[in-house]
Structures are given as C-alpha cells and as structure tokens.
Amino acid sequence: MSTDENETAEDSSANPRTESVDVVVVGAGTSGCYAAATIANAGYDVAVVERKSAEEAGHIACGDALKGADAFPDAIPKSQIEPAFTNTEVDHGRFEIPQEDTVLDIPVPGELAVIDRWEYGRLIIEGADEAGAEFHYDTVVQDVTQDDDGVVTGIRAKHDGDVVEYDADIVIDGAGALSLLQDKVDFSDATFDTNVSYSQFCSAYREVVEVPEPVEWSDALVFKPADVAAGYVWYFPRTETEINAGLGFQMTEEPMKLVDDLKKDLRARPEFEGAEVVDKLGAALPTRRPYDSATAPGYMAVGDAAAHVNPTTGGGIAGAAYAGAYAGEQAIVALEDDDVSEETLWRYNQRVMDHFGGRYASLDVYNILSTAVDVDDLMGLIASLPGENLAEALYSGTTSFSPALLLQTAVSSYGHWGQIWNFFKVKRLADELMAHYDRYPTRPSALAGWQDERDRIMDEIYEVTGADPKY
Ligand SMILES: Cc1cc2nc3c(=O)[nH]c(=O)nc-3n(C[C@H](O)[C@H](O)[C@H](O)COP(=O)(O)OP(=O)(O)OC[C@H]3O[C@@H](n4cnc5c(N)ncnc54)[C@H](O)[C@@H]3O)c2cc1C
C-alpha cells in the first residue's frame, strides 16, 4: 500500500462516512433477505450490508434441497422464488447403506424441491429490494458499536478501502455460520448464547456436476454414510442431468479430505462417467441446537448465525427464512414502541423455539448419539428397520411408535435388540427434552432456571449415549 493510500485509509477511519437507518441487516442470504423484506414492507428504512459483489451475492454453498417452501413466510411472495425450483418431482429419500448392501426408499412428507440455489439467492434479493430494502454490496462488516449501557447501536464496515459506519436502532445479524459480529459484541449484560464452539459444527463441501445421461434416481434425495463417524455423502438431482453432490463431517471427528473423498465417491459411480464439474463451494454448517437466546439489546441473530438448522439433515433454508421474518416482525414492534431492550425483542426467541427450535434441539440428540456409536452397527440397525418406522422417526420430530409398529420393528430387527433398547431410552430423553422446550421462558430473566433443567436432561443423554458432552 502506498503512503497516499495509507493516509486515505487513516483519514476515513478517523472521519468515516455514516449511514443512518432504522435497521441494518448484515448478510444478503435467506435470513437477511426475509428480515429486510419484512421490515421494508412495514415502511421502515432498512439497509442490507453484504460483503460479496452484486454479481456474486446469493451464491451460497448448499445441497440445494428446499423443504417446506409451500409454507414459507410471505414477506417475499412464493411466486418470486418459484422460478428457481428446477426439480419438483422429488418425493423420497434414498438411503444407500453399502455396509449392508441395502437401499432404503423413505417417503418425505410435505413439499420438497431441488433448486438452482444461486438463482434462488438472486430472486430473494430481488424480492427484498422490491419490498424497499437497500442493498450495499462489497461492504465487509468488521465491528459492532455499542453504547455505555451495552445497547448495540450499529456496525462499522469497509467498502472500497473506506470505513463506513451504520447507525441503526437495531442490528440483525444474518452473517451466516460462525458470524464475525458475535466476536465483536460484548454480551456480558445479555442472555445471548455464547456457548458456541466450532466442534458443534459440520464442515461441508459440494460440487454441481453435469452428467451425460439422466440419472435413474431423479425423484429422490440420495444419502450415504461416509467412512467416518457422523460423516455423510449426498446426491441431490437439480434436474435429471445436473446433480448437487456433496459431503460433510462433524468437526469433532477426524477431518475428511472433502474434495478428494468426493472425487473418489464420484469415480466409483457409473452414472458419473464423463461428468463435468460446473461449480464448487464449501462452508461450515451449524449442526447443533439453536442458540438458547439470539437476542441482546438492539441486536438479533438469525439463520445460521443462530444455528437455525435441522441438525440431522443440515437443512437450514426454511429455518433461516422463518427466523428472518420473525426477527423482522419483532424489530417492527420494537421500533413502534421505541424500545429495543431484550424484554421487547424476547418474543422473537419464543417464536423460533415454538415453531422449530424445540424440535431441532431434540433432533440434535440423535446427532449426539451418532458420535458415540459404531457406524457399521448403526447402519446394520437402520437397514433392519421397516421404512415407514424410519420415515416417522425422521419427520415427526417426536416419535410415538404404535404397538403394532413397535412389534414389527422388534421382529424385523432381530439381532439388534440391544441397540434398539438403547435407542428407545435415547428417544424417551429426546421427547423429554422437546417437552422442556415447550416450556421455553416468556421473559429473559427466567432463562437461567430453564437452562439448568435442560442441562440436567442433557447430562442424562450423555450418560445413556456414552457421548462426550457437546455443550
Ligand atoms: C455444503 C452445504 C450444504 C447445505 N445444504 C442444504 C440443503 O440442501 N438444504 C437446506 O435447506 N440447507 C442447506 N444448507 C444450509 C443452508 O445453506 C443455510 O442454513 C442457509 O443458507 C442459511 O442462510 P443464512 O441467511 O442464515 O446464511 P447465509 O446463506 O450463509 O448468508 C450469510 C451472508 O452473510 C454474508 N456475510 C458474512 N459475513 C459478512 C460480513 N462480515 N460482512 C458482510 N456480509 C457478510 C455472506 O457473504 C452471505 O451472503 C447447506 C449448507 C452447506 C454449507
């Protein structure tokens, strides 16, 4: 850097340009766009600050499977995102279990689509823009500002080498997994969850691959266990000839060589002979329970920045859309009451826990279990279960097997009864955990007591599974 450039940078940080808005949203991903659209629809000033360029924004590492789009928040109309749905014929999961030489086809309830993710990313930005949000690209957030009482008052960012400050009544952090903003805020007077470590995350990588001939499984999401514990491989058909192929592993385990391991798997599959890779991306994914609290005075975290992801499937688009909309609606309440305290923002936490947070926290129990069991044993057990039991187990959240199904499960899985018994003990605890999330507190001051009881249930879960504590 030349002396002149140094001087310019110093000048700009001493005397930064300042933007004043009602709400500043960091990140133009799903959570940020739904939050911004919700707030702009109500007539408030909202700026979305995104580090990527206008061309690159919306290009996100993803498996491209979208579940539940039929009931997405309407801040961005569904007709706006539908053109990105390239495969709406997908209706089941296909679980390949090579250890057992078995393939299980399991129906997936609800609307499911595989999408052109970049196109979807552009369309939600367009939707939020049309609602009235202002997008500031090439702007990297580097700091968060707080007043003497600990209330968040804005952010500090770099654009084209210049410092830009954003003054806002509320900051919404939609900056994705392991958001940098959270390292910058002093949360000592807030309930915001800081019990977050990289080991609770998954590292994932995907390629978009074009194959010469249509694949036979273009109506299925294909899953396969990887060679490491808590690792998995997926093949999701965007069209009959364009496949999103990827893999990931929980960061507690020996790291996979993601690029090489995927290449190896692709080479072993005849349908990928002559295939061409057209796009590659990787990222971290929060395969953990949602943050106990994603609020602080003047601040809310949404989507991956608050772990609003189904920890067993890695599906986070729907959670991000809902969290964005709920945070946007609560921001409007706070602006109208002229009160950005945690007491006012708290309802956002409650709505997340009520809608999907409690269910995701109870599903995380099975993730914890998977880190403590032998992959081959687990696959042997899964291969022996009837598909409908598994579908119920996977999608209903709480699994209340009927006596007939229980008997069928026991008979068909002869040889795995010890594991089944352990699994049911774990399932009972997962149900107890979900019931406890139904009692999520109505005010921030009651959070600590609620956490104590939750941690007691978690201790039992670690004891029964034999897993190392995750939190
Ligand atoms: C490999 C992989 C596969 C996945 N597969 C699926 C799937 O098939 N289905 C599904 O539903 N979910 C899937 N997910 C999860 C899903 O992609 C995320 O849950 C979802 O994108 C979260 O949206 P978000 O808006 O919270 O964050 P993101 O989409 O990550 O958006 C965050 C935005 O913030 C910006 N940003 C970050 N830091 C800064 C900064 N300092 N300054 C300015 N801007 C910043 C980023 O550039 C980005 O645009 C997958 C994730 C991965 C990694």
Side-chain angles (χ1 to χ4, degrees), residues 24-36 47-54 56-69 72 90 112-115 117-118 120-122 124-125 128 135-144 155-159 164 166 171-184 201-208 221 223 232-236 238 244-249 258 262 279-287 290 294 301-311 313-324 327 360:
V24 64
V25 174
V26 183
T30 300
S31 58
C33 285
Y34 274 86
V48 183
V49 176
E50 168 58 52
R51 68 178 169 196
K52 292 180 183 164
S53 65
E56 189 66 18
H59 190 201
I60 306 272
C62 190
D64 303 343
L66 182 59
K67 187 159 183 316
F72 257 38
V90 177
L112 187 65
V114 186
I115 60 175
R117 185 66 167 77
W118 199 348
Y120 159 85
R122 288 188 198 106
I124 52 171
I125 289 173
F135 283 79
H136 299 200
Y137 298 105
D138 299 304
T139 308
V140 186
V141 176
Q142 297 186 320
D143 209 352
V144 179
I155 52 165
R156 200 168 286 129
K158 267 252 166 100
H159 172 76
V164 191
Y166 289 78
V171 172
I172 296 186
D173 174 6
L178 298 164
S179 161
L180 169 134
L181 277 71
Q182 292 163 26
D183 297 336
K184 305 292 177 185
F201 287 62
C202 168
S203 178
Y205 168 76
R206 70 95 177 101
E207 294 180 353
V208 177
L221 299 180
F223 296 92
Y232 56 94
V233 181
W234 72 81
Y235 293 98
F236 295 169
R238 283 173 157 208
N244 181 312
L247 72 185
F249 66 96
L258 291 171
L262 183 62
D279 193 30
K280 304 173 175 187
L281 274 180
L285 175 67
T287 39
V302 288
D304 278 13
H308 293 149
V309 172
N310 178 327
T313 63
I317 301 174
Y322 275 105
Y360 286 1

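Read the numbers this way: they start at 1 and go in the same order the structure lists the ligands and their atoms. Heads up: numbering here begins at 1 and tracks the sequence. None of the values given here were measured: they were computed from a predicted structure.
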Task: Under 3.5 Å: N/O of Trp234 near N/O of ligand 1 - done: no
Open item on the list: Please compare Lys184, Glu50, His308, His59 and report which has the shortest non-hydrogen distance to atom 35 (C) of ligand 1.
Closed with: Glu50
Open item on the list: Quick check on contacts: which atoms of ligand 1 are under 4.0 angstrom from a heavy atom of Gly303?
Closed with: 26 (O)
Open item on the list: Just to confirm my output: which protein heavy-atom neighbour is closest to atom 37 (C) of ligand 1, and how far is it?
Closed with: Ala175 O, 3.1 Å
Open item on the list: I need the atoms of ligand 1 closer than 4.0 Å to a non-hydrogen atom of Val140, numbered in the order shown.
Closed with: 42 (N)
Task: Atom pair OH/OG1 of Tyr120 and Thr30 - distance to nearest 0.5 Å - done: 3.0 Å
Task: Nitrogen or oxygen atoms of Leu285 and ligand 1 under 3.5 Å apart - done: no
TODO: Write out the residue and atom name of the closest protein heavy atom to atom 8 (O) of ligand 1, then the distance separating them to 0.1 Å.
DONE: Ala65 N, 3.1 Å
- [ ] Could you pull out the closest heavy-atom pair between Leu178 and Ala284, with the gap in Å?
- [x] CD1-CB, 4.2 Å
TODO: Report yes or no: does a heavy atom of Leu66 sit under 4.0 Å from some atom of ligand 1?
DONE: no
TODO: Quick one: look at Asn244 and ligand 1, take heavy-atom pairs under 4.0 Å, and tell me if it's side chain, backbone, both or neither.
DONE: neither
Open item on the list: On a heavy-atom basis, I'd like to know which of Ala284, Ala320, Ala318, Gly29 is closest to atom 31 (O) of ligand 1.
Closed with: Gly29
Open item on the list: Among Trp234, Tyr232, Phe236, Tyr235, which residue satisfies the ring pair (Phe, Tyr, Trp, His ring centres under 6.0 Å) criterion with Phe223?
Closed with: Phe236
TODO: Quick one: closest heavy-atom pair of Pro311 and Tyr360, and the distance?
DONE: CG-O, 3.3 Å
Task: Test item, Lys67 contacting ligand 1 (heavy atom, 4.0 angstrom) - done: no
Task: Parallel, tilted or perpendicular: ring planes of His59 versus Trp118, cut at 30 and 60 degrees - done: parallel
TODO: Say whether Gly174 and ligand 1 are in contact under the criterion: heavy-atom distance to a ligand atom below 4.0 Å.
DONE: yes
- [ ] Would you check the N or O atoms of Val141, main chain and side chain alike, for any that come under 3.5 Å of an N or O of ligand 1?
- [x] yes
Task: Residue, atom name and distance, where the atom is the protein heavy atom closest to atom 43 (C) of ligand 1 - done: Arg51 N, 3.2 Å
Open item on the list: Under 3.5 Å between any N/O of Arg206 and any N/O of ligand 1: does that happen in this structure?
Closed with: no
Task: Nearest neighbour of atom 13 (C) of ligand 1 from the list Gly314, Gly63, Ala57, Ser31, on a heavy-atom basis - done: Gly314
Open item on the list: Out of all atoms in ligand 1, which are within 4.0 Å of some heavy atom of Thr139? Include the element for each.
Closed with: 42 (N), 43 (C)
Task: Proximal candidate to atom 17 (O) of ligand 1 [heavy atom criterion; set Ala61, Gly58, Gly316] - done: Ala61
Task: Of the listed options Ala204, Ala283, Ala301, closest to atom 1 (C) of ligand 1 (non-hydrogen atoms) - done: Ala204
Open item on the list: Can you name the atoms of ligand 1, numbered from 1 with element, that are less than 4.0 Å from a heavy atom of Val309?
Closed with: 19 (O)
- [ ] Check salt bridge (charged side-chain N to carboxylate O under 4.0 Å, His left out) between Asp304 and all other residues, then give those that pass, not counting sequence neighbours.
- [x] none
Task: Contacting atoms of ligand 1, where contact means under 4.0 angstrom from a heavy atom of Ile317 - done: 10 (C), 11 (O), 12 (N)
TODO: May I ask you to check if ligand 1 and Gly32 share an N or O to N or O distance below 3.5 Å?
DONE: no
TODO: Only heavy atoms count here, so choose which of Ala306, Cys202, Ala305, Gly27 is nearest to atom 33 (C) of ligand 1.
DONE: Gly27
TODO: Please could you name the atoms of ligand 1 that Arg117 approaches to less than 4.0 Å, counting only its heavy atoms?
DONE: 17 (O), 21 (O)
Open item on the list: Please list, in number order, the atoms of ligand 1 under 4.0 Å from a heavy atom of Asp64.
Closed with: 7 (C), 8 (O)
TODO: Would you mind reporting whether Val26 and Ile155 have side-chain heavy atoms less than 4.5 Å apart?
DONE: yes
Open item on the list: Using the salt bridge (charged side-chain N to carboxylate O under 4.0 Å, His left out) criterion, which residues pair with Arg51? Sequence neighbours excluded.
Closed with: none
TODO: Flag Thr30 as yes when one of its N or O atoms lies below 3.5 Å from any N or O atom of ligand 1, and as no otherwise.
DONE: yes
Task: For Asp304, atoms of ligand 1 separated by under 4.0 Å from a heavy atom - done: 18 (C), 19 (O), 20 (C), 22 (C), 26 (O)
- [ ] Give a yes/no on ligand 1: does Thr313 have at least one heavy atom closer than 4.0 angstrom to it?
- [x] no
